[in-house]
2 protein chains.
Amino acid sequence: MSVTISDVALAAGVSKGAVSHALNGNAGVSESTRARILQVASDLGWKPNLRAKALSTSKAFAVGLVVARDPRLLGTDPFFPAFIAGVESTLVENDFVLVLTSAMGQDKEEQSYRKLARDGRVDGVILTDVRVRDPRIALMQELGLAAVTLNRPEGVSSFPAVCMDDTEGIAGATRHLIALGHERIAHVGGTQSYIHGCSRRRAWEGAMVRGGLKTDLFVEADFTAAAGAAATADLLRRRDRPTAIVFANDLMAIAGLSFAQSQGIAVPADLSITGYDNTELASFLNPPLTTISTDPVLWGRVAAQVLLDQLNGVRGGDIVLPEPQLVLGGSTGPAPSMDFANSPD
Amino acid sequence: MSVTISDVALAAGVSKGAVSHALNGNAGVSESTRARILQVASDLGWKPNLRAKALSTSKAFAVGLVVARDPRLLGTDPFFPAFIAGVESTLVENDFVLVLTSAMGQDKEEQSYRKLARDGRVDGVILTDVRVRDPRIALMQELGLAAVTLNRPEGVSSFPAVCMDDTEGIAGATRHLIALGHERIAHVGGTQSYIHGCSRRRAWEGAMVRGGLKTDLFVEADFTAAAGAAATADLLRRRDRPTAIVFANDLMAIAGLSFAQSQGIAVPADLSITGYDNTELASFLNPPLTTISTDPVLWGRVAAQVLLDQLNGVRGGDIVLPEPQLVLGGSTGPAPSMDFANSPD
DNA sequence: CTGAATCACTAAACCGGTTTCGTAGGTTCA
DNA sequence: TGAACCTACGAAACCGGTTTAGTGATTCAG
C-alpha cells in the first residue's frame with residue numbers, strides 16, 4: 001500500500017535502523033549517507049506511519065480537551081469555539097491534533113480523563129474552566145499526563161498556567177461607572193466555584209472599595225442567560241436598586257439588558273450595563289454593549305504552545321497574556337439623579 | 001509497566017494468539033479455555049493497548065470533524081458546541097473519540113482532511129456546513145474515508161445523510177406571518193452556497209408563492225450579526241419596506257431586531273421578526289424571539305451513530321430526523337396598517 | 001606494532017496487538 | 001486399521017516504526 005521505512009531502506013541500500021537514525025537526526029550515520037537517505041525518502045514520498053510511531057515511542061501526538069458543561073449552555077458561550085481555533089492553530093503547525101471530549105457531571109468528567117489516559121489517546125491536556133480547588137490537578141498527576149491550566153488555580157499546581165487576568169478589565173469597567181457618577185453598582189457574578197467567576201467578583205469588590213462604595217449589591221449567577229435575567233430581576237426589585245450592573249459575561253448582560261428594557265427601564269438613562277467577552281453580538285445590540293474584549297484565540301494558541309513545550313521537556317514559568325481591554329458602548333452613561341433612580345414608576 | 005497480552009497468556013498458560021482470539025470472540029478456542037482466559041484477563045486488569053491495536057488493525061477508533069469557519073463567527077453560533085456534545089455522547093459509548101480540526105480557507109480545509117487521512121488519525125468524518133456542490137464528497141472518496149453528511153448535498157453523494165429538514169420550520173414561520181396579515185415579508189438568508197442557506201430561502205419562497213405573495217424582498221447575508229444588521233438596514237431603507245422579516249438564524253435576527261429598535265421601529269408593532277435555532281438567548285430578549293427550535297444534540301448523536309454503523313459495514317439509507325418546530329415569541333404580531341408601515345417618520 | 005577507542009552501519013529485539021500457518025490429538029468413516 | 005477430517009491450540013510472521021547490541025574497519029595512543 002503505502003511506502004514504508006523498509007522500502008526506503010531497500011532503495012537506499014541501507015538498513016531500517018539507518019533510515020530511522022538519518023531522519024531523526026540521530027548520530028550514527030555519516031553525512032553523505034544521511035543525505036542520500038533523505039533524498040531517496042523524498043523521492044519515494046515517504047511519510048512515517050504515525051500509528052507505528054505512536055506504538056514504538058509511546059506517544060499519541062495529540063492533546064485533549066474535556067469540556068464539562070451543559071451542551072445547551074455551551075452553545076451560547078463564545079469562548080470555546082474561538083479558544084479551540086487558537087489551540088488548533090498551534091497544534092497543526094506541530095503535527096499534533098486535538099481530541100475533544102464532552103462530559104457532563106463530576107463522575108463523567110473524571111472518567112473522561114481516565115479513559116483518555118488509559119487508551120493513550122493524548123499526551124497532555126488543557127484544563128479550562130478551572131475551579132477554585134480543582135481536583136483535576138491531582139488527577140493529572142496521578143495519570144501522568146502533562147497539563148496547562150487557564151489561569152492559576154488557588155491550590156498548589158505543578159503545571160504551568162497561561163493567564164489572562166480579568167481583574168483589570170472588570171475593575172476598569174467598575175471605575176468607568178464610578179467616574180460616571182454611579183454609586184450603587186451591582187455585580188452579577190458567574191459561578192463562584194470557577195476561578196474566573198471568583199476573580200471577577202473580587203475585581204469588582206476591589207474597585208468598589210477603592211472608590212469608597214459598598215459591595216452589598218452582589219448576586220451569584222451561573223453565566224447563563226436565564227440566570228442573568230433572574231439576577232437582574234432580583235436586583236431591580238430591591239428598594240436600593242442599582243443604577244449600574246457589572247455582569248460577569250456578555251450573555252448574562254444581554255439577558256439583563258433585555259429584561260430591564262422589558263420593564264420600561266431605559267439603558268443607559270436609568271441603568272448602565274457592562275458585559276464581559278465582547279461577543280460579536282455585543283456591538284450590534286441596542287444600545288451596543290459596553291464590554292471587555294478578550295482574546296480567546298490568542299489564549300488558545302499560547303496554551304497549546306506551553307503544553308507542547310512541556311511535552312518537549314521545556315518547562316517555563318507561567319505566561320501572562322495582555323490584559324483584556326474595556327470597550328465602550330452605549331450601554332453605560334451618567335448616573336441618573338438619585339430621586340429618579342429610586343422612583344421609577 | 002502496564003499488563004500486556006503476553007502477561008495474560010503467560011498467566012493463563014496459553015499463547016498470545018489464543019488470548020487474542022478468546023477476547024475477540026473468534027473461533028479457535030474452546031469454551032472452557034476462553035472462560036479461563038477471560039477470567040485471568042479480568043483478574044490481571046488487562047485492557048488492550050489501543051495504539052498496538054490501531055497499528056495491527058489499521059484503524060484509528062476515532063472520527064474527525066473539520067470546522068471551516070471564521071473563529072469569531074464560530075463563537076456566536078450555538079450549533080457546533082451542542083452538535084459536538086451529541087456526537088460525543090454516541091462516540092463515548094463505542095470507545096471512539098472525536099478529533100476536532102479547525103481550518104480556515106478552501107486550501108486549508110482540504111489539507112486538513114488530507115492530513116487526517118494520511119496520518120490515519122480518523123476512520124471517518126462528519127461533514128457539516130455542506131455546500132451545494134460540495135467538493136469534499138469526492139475528496140473523501142479519494143482518501144478512502146467513511147463519511148456522513150448533515151442533510152443531503154445536491155450533487156451525487158455515496159455517503160449516508162442525516163437530515164433535519166429546515167423547510168417546514170421556515171415555511172411555518174412564513175405562514176404564521178401571513179396568517180397575521182403580513183404581505184411584505186422579507187427573508188434575510190444565510191450564505192447561499194451552503195445547502196441550509198439555500199433551502200431556507202427556498203422554503204420562504206415556497207410559502208410566499210403559495211400565499212400569493214411576491215418574493216422580491218430577499219437579501220443574502222452570511223449568518224453573522226454584522227451581516228444581519230446590514231441586511232436589515234438595507235430592507236428598512238426601501239420604499240416598499242417589509243412589515244416582517246424571516247431571518248435564517250437567531251444571530252442575524254437579534255442583530256436585526258436591535259437595529260430596528262435603534263431606528264425607533266417597534267417590534268412587533270411596526271415590524272415582525274423570526275429567527276432560527278432557538279438559542280438560549282432568544283427567549284430572554286425584549287421581545288422574546290419567535291424562532292425555530294432545532295435539536296443539534298440529537299443531530300450529532302444520530303450522525304455519529306450512522307458513521308459508526310458505516311464503519312461496521314452496516315450501510316443503511318438516509319435518516320430523517322423530526323422537523324424543527326416553530327416557537328412563538330413576542331417578536332411577531334399582526335401586520336401594521338399599510339399607511340403606517342410606509343410612513344414611519 | 002599492538003591494543004583500545006571510534007565510527008558507520010547492520011541485525012535483531014522491541015512496542016503490543018492480530019492473523020496466518022502448522023500440527024498434535026481425537027473423531028469419523030470406509 | 002488406516003485415511004480423512006476436525007478441533008484447539010502454539011509458533012511465528014506481521015503492522016511500521018525505534019532502539020539497542022554487535023561488528024568490521026579505521027584511527028589513535030602508547
Side-chain angles (χ1 to χ4, degrees), chain A residues 1-41 44-62 95 117-121 123 144 311-312, chain B residues 1-41 44-62 95 117-121 123 144 311-312:
Chain A
M1 185 77 175
S2 181
V3 37
T4 75
I5 199 173
S6 299
D7 299 330
V8 176
L10 197 65
V14 294
S15 68
K16 281 171 58 177
V19 177
S20 177
H21 288 142
L23 277 117
N24 292 322
N26 292 347
V29 258
S30 69
E31 265 319 310
S32 60
T33 45
R34 179 191 306 276
R36 182 162 45 91
I37 291 174
L38 291 177
Q39 182 61 48
V40 171
L44 266 54
W46 177 71
K47 297 284 174 194
N49 178 310
L50 199 69
R51 291 203 270 250
K53 200 165 184 167
L55 177 60
S56 58
T57 62
S58 300
K59 289 186 209 154
F61 305 100
D95 293 324
R118 186 171 57 65
D119 287 347
R121 293 319 274 250
D123 301 311
L311 291 174
N312 289 327
Chain B
M1 186 79 178
S2 181
V3 37
T4 75
I5 198 172
S6 299
D7 299 330
V8 177
L10 197 65
V14 293
S15 68
K16 280 171 59 177
V19 177
S20 177
H21 287 141
L23 277 117
N24 293 321
N26 292 346
V29 255
S30 69
E31 265 318 311
S32 60
T33 45
R34 179 191 307 275
R36 182 161 46 92
I37 291 174
L38 291 177
Q39 182 61 50
V40 171
L44 266 55
W46 177 70
K47 297 284 174 193
N49 179 310
L50 199 69
R51 291 203 271 250
K53 199 165 184 167
L55 176 61
S56 58
T57 61
S58 300
K59 289 185 209 157
F61 304 100
D95 292 324
R118 186 171 59 64
D119 287 346
R121 293 315 270 258
D123 301 311
L311 291 174
N312 289 329

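Below, chain A is the first sequence line, B the second, and so on; all start at residue 1.
Put simply, CD1 on I37(A) is 11 Å from C1' on dA8(C), counting in whole angstrom units. Rounded to whole Å, the distance from CG on L10(B) to C1' on dG17(C) is 16 Å. Following rounding to the nearest Å, H21(B) (NE2) and dC9(D) (P) show an atom-to-atom distance of 12 Å. Protein atom CG of D7(B) is 9 Å distant from nucleotide atom P of dG16(C), rounded to whole Å. The distance from atom CD of E31(A) to atom P of dC9(C) is 10 Å, rounded to the nearest whole Å. Taking atom CG of residue N26(A) and atom P of nucleotide dT19(D), one finds them 7 Å apart after rounding to whole Å. Put simply, CG on D95(A) is 15 Å from P on dG17(D), counting in whole angstrom units. For the pair I5(A) CD1 and dT18(D) C1', the interatomic distance rounds to 8 Å; values are reported in whole Å.
Residue V19(A) is classed as having no contact, given no heavy-atom separation below 4.0 Å to the nucleic acid. When heavy atoms are screened at a 4.0 angstrom cut-off, K59(B) is found touching no nucleic acid atom at all. Counting non-hydrogen atoms under 4.0 angstrom, T57(A) reaches the backbone sugars and phosphates but no base. Residue T33(A) is classed as a sugar-phosphate contact, given heavy-atom separations below 4.0 Å to backbone atoms only. At the heavy-atom level, G120(B) lies nowhere under 4.0 Å from the strands shown.
DNA chain D is contacted by both S58(B) and S15(B); S15(B) maps to the nucleotide lying nearer its 5′ end (nearest heavy atom per residue). Comparing G13(B) and A52(A) against DNA chain D, the residue whose closest nucleotide sits nearer the 5' end is G13(B).
Put simply, the side chain of W46(B) reaches to within 4.5 Å of the side chain of L23(B), judged on heavy atoms.
Residues G45(B) and V3(B) share a closest heavy-atom pair of O-CG1, 3.9 Å. Between N24(B) and K53(B) the shortest heavy-atom distance is OD1-NZ, 4.5 Å. Listed here is the closest heavy atom pair of G25(B) and R34(B): CA-NH1, 3.4 Å.
N49(B) has no side-chain polar atom (N or O) that falls below the 4.0 Å cut-off from OP1 or OP2 of dC15(C). Side-chain nitrogen and oxygen atoms of W46(A) include at least one within less than 4.0 Å of the OP1 or OP2 phosphate oxygen of dG17(D). Between S56(A) and dC14(C), a side-chain N or O to OP1/OP2 separation shorter than 4.0 Å is absent. A sub-4.0 Å separation between OP1 or OP2 of dC9(D) and a side-chain N or O of S30(B) is present.
For P48(B), the side-chain atoms get nearest to dG17(C) when compared with the rest of dT18(C), dG17(C), dG16(D). Considering only side-chain atoms of L55(B), the nucleotide from dG16(D), dC9(D), dG17(C) that sits closest is dG16(D).
With hydrogens and angles disregarded, a donor-acceptor distance shorter than 3.5 Å links the side chain of R51(A) to the backbone of S58(B).
Counting distance only, with no hydrogens placed and no angle test, the side-chain atoms of K16(A) and the base atoms of dG16(D) include no donor-acceptor pair under 3.5 Å.
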For the pair V14(A) and R36(A), evaluate side chain to side chain contact (heavy atoms under 4.5 Å, CB included) and give the outcome as yes or no after the intermediate values. CA-CA 10 Å; V14(A) 294; R36(A) 182 162 45 91; 4.2 Å; yes
